[in-house]
Amino acid sequence: MSAHPTEELVQQWESEQARLRQQVVEEDTEYWQKSPDFSGLERVGGVDLSFIKGDDINACAQLVVLSYPDLEVLYEDSQMVTLTAPYIAGFLAFRETPFLLEALQRLERNRPELLPQVVFVDGNGLFHYREFGLACHLGVLSGLPCVGVAKNLLQVQGVYKSEEHQSQIAALQKGGDSFLLTAASGKVLGKALRSSDKSSKPVYVSVGHKISVDTAVRLTHSCCRYRVPEPIRQADCRSREYLRIHFPTADT
DNA sequence: GCGACAG
DNA sequence: ATCTTGTCGC
């Protein structure tokens with residue numbers, strides 16, 4: 001109907017983000033978040049989507065639940081899905097959230113005792129153009145505490161890959177070291193975290209829902225065996241493996 | 001025209 | 001997201 005369907009869709013999405021943004025809780029709400037060693041935390045979740053090469057609508061939606069602090073896989077769900085929304089920077093949630101929510105609902109229906117107490121999301125939370133990235137979106141719609149972890153820096157709200165930024169990265173000496181990502185407005189959008197001693201490239205952690213930045217960073221560090229926190233890494237590995245097995249490459 | 005652009 | 005193996009270093 002419209003001469004500019006994409007523009008209208010984006011406007012609709014923007015207002016939806018503004019509406020849901022008001023429901024984000026940026027503070028710690030769970031008892032285990034106050035504990036120095038997160039005692040009381042037993043299950044951490046991770047979600048991700050993997051795609052077949054050359055196909056951007058068929059994907060494997062993955063949910064994993066790991067034990068804490070051992071980080072052993074307690075639950076795994078792989079589900080082929082057909083995406084409808086296009087990928088537009090700043091609107092990743094409209095593409096992925098429906099399928100991640102479905103996975104959480106399947107878990108709640110079939111194994112409610114395994115519901116995670118916090119979910120790691122592959123992407124940003126408040127560190128976003130309108131302070132409402134995928135981790136916030138999934139958090140608000142699911143009601144679960146969520147942490148956003150991005151592998152690449154989103155240049156937004158005055159945060160740039162400047163020389164200053166590069167030198168701050170160089171100053172991260174050991175796993176757990178971090179520095180603030182502050183918007184031009186002064187608002188803290190997240191933190192760059194050296195997630196392990198071995199990885200010099202940081203990950204970008206931000207609040208999704210029902211957790212503070214500092215708790216999110218501390219928890220992320222405590223879930224890292226490698227650069228990417230284990231829940232997200234397991235979700236990524238297992239969804240890729242699912243695609244390898246069910247959609248083998250068709251060459252000799 | 002050029003650079004940016006979470007996944 | 002995906003295209004992609006070996007290789008340099010601890």
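Sequence lines set the chain letters: A, B, ... in the order given, protein chains first and strands last, and positions in each chain run from 1.
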Give A:F94 one of three labels, base, sugar-phosphate or nothing, depending on what nucleic acid heavy atoms sit under 4.0 Å from its own.
-> nothing
Q: Under 4.0 Å between any heavy atoms, over every strand shown, what does A:D55 touch: base, sugar-phosphate, or nothing? Just pick one.
A: nothing
Among side-chain atoms of [X] and [Y], is any donor-acceptor pair under 3.5 angstrom?
{"X": "A:S222", "Y": "A:Y68", "value": "yes"}
{"X": "A:R238", "Y": "A:Q62", "value": "no"}
{"X": "A:S212", "Y": "A:D214", "value": "no"}

Task: Step-by-step salt bridge (Lys or Arg N to Asp or Glu O under 4.0 Å) determination, A:K187 to A:E26 - done: CA-CA 12 Å; A:K187 180 175 177 58; A:E26 306 181 33; 2.9 Å; yes
In numerical order, the residues of residues 141-152 of chain A whose heavy atoms come under 4.0 Å of DNA chain B are A:A150, A:K151, A:N152
Residues of residues 201-216 of chain A with a heavy atom under 4.0 Å from any atom of DNA chain B, listed by number, are none
Considering only nitrogen or oxygen atoms on both sides, find all protein atoms under 3.5 Å from nucleotides 2-4 of chain B and state each distance.
| unit_1 | atom_1 | unit_2 | atom_2 | d |
| --- | --- | --- | --- | --- |
| B:dA4 | O3' | A:Q155 | NE2 | 3.2 |

Checking [X] side chain against [Y] main chain: does a donor-acceptor pair fall under 3.5 Å?
{"X": "A:D236", "Y": "A:I232", "answer": "no"}
{"X": "A:D177", "Y": "A:K174", "answer": "yes"}
{"X": "A:S167", "Y": "A:E164", "answer": "yes"}
{"X": "A:R218", "Y": "A:P36", "answer": "yes"}
{"X": "A:Y31", "Y": "A:G40", "answer": "yes"}
{"X": "A:S15", "Y": "A:Q12", "answer": "yes"}
{"X": "A:R43", "Y": "A:Q117", "answer": "no"}
{"X": "A:H137", "Y": "A:F132", "answer": "no"}

In DNA chain C, consecutive runs of at least three Watson-Crick or G-U pairs below 3.5 Å, as range with range, amount to none
Whole angstroms only, please: what is the [atom1]-[atom2] distance between [X] and [N]?
{"X": "A:H128", "N": "B:dG7", "atom1": "NE2", "atom2": "C1'", "answer": "12 Å"}
{"X": "A:Q157", "N": "B:dA6", "atom1": "CD", "atom2": "C1'", "answer": "14 Å"}
{"X": "A:R244", "N": "C:dA1", "atom1": "CZ", "atom2": "P", "answer": "16 Å"}
{"X": "A:L153", "N": "B:dC5", "atom1": "CG", "atom2": "C1'", "answer": "12 Å"}
{"X": "A:K191", "N": "B:dA6", "atom1": "NZ", "atom2": "P", "answer": "24 Å"}
{"X": "A:D197", "N": "C:dG9", "atom1": "CG", "atom2": "C1'", "answer": "16 Å"}
{"X": "A:L126", "N": "B:dA6", "atom1": "CG", "atom2": "P", "answer": "18 Å"}
{"X": "A:L100", "N": "B:dA6", "atom1": "CG", "atom2": "C1'", "answer": "14 Å"}

ask   = Distance check: side-chain N/O of A:Y87 vs OP1/OP2 of C:dA1, anything under 4.0 Å?
value = no
Scanning both residues in full, the closest heavy-atom pair of A:P231 with A:V44 reads CG-CG2, 3.8 Å
| request: Verify salt bridge (Lys or Arg N to Asp or Glu O under 4.0 Å) between A:R111 and A:E113, making sure each step is shown before the conclusion. | output: CA-CA 5 Å; A:R111 303 291 302 278; A:E113 74 281 8; 2.8 Å; yes
query = So do A:M80 and A:L243 actually touch side chain to side chain, heavy atoms under 4.5 Å?
reply = yes
Check your understanding: How about A:Y160 and A:H165: are their ring centres within less than 6.0 Å of each other?
Key -> no
Here the gap from A:F127 atom CZ to A:K191 atom NZ, rounded to the nearest 0.5 Å, amounts to 14.0 Å
Read 5' to 3' with Watson-Crick or G-U pairs under 3.5 Å, [ ] for crossing pairs and | for partners on another strand, DNA chain B gives .......
### Query
B:dC5 and C:dT2: how far apart are their C1' atoms, nearest whole angstrom?
15 Å
A:K210 and A:E30: salt bridge (Lys or Arg N to Asp or Glu O under 4.0 Å), yes or no, with the steps?
CA-CA 8 Å; A:K210 293 183 174 176; A:E30 314 299 303; 5.2 Å; no
N/O-N/O pairs, protein side and nucleotides 2-7 of chain C side, under 3.5 Å:
| unit_1 | atom_1 | unit_2 | atom_2 | d |
| --- | --- | --- | --- | --- |
| C:dT2 | OP2 | A:R240 | NH2 | 3.1 |

Between A:E14 and A:R19, does any side-chain N to carboxylate O distance fall below 4.0 Å?
no
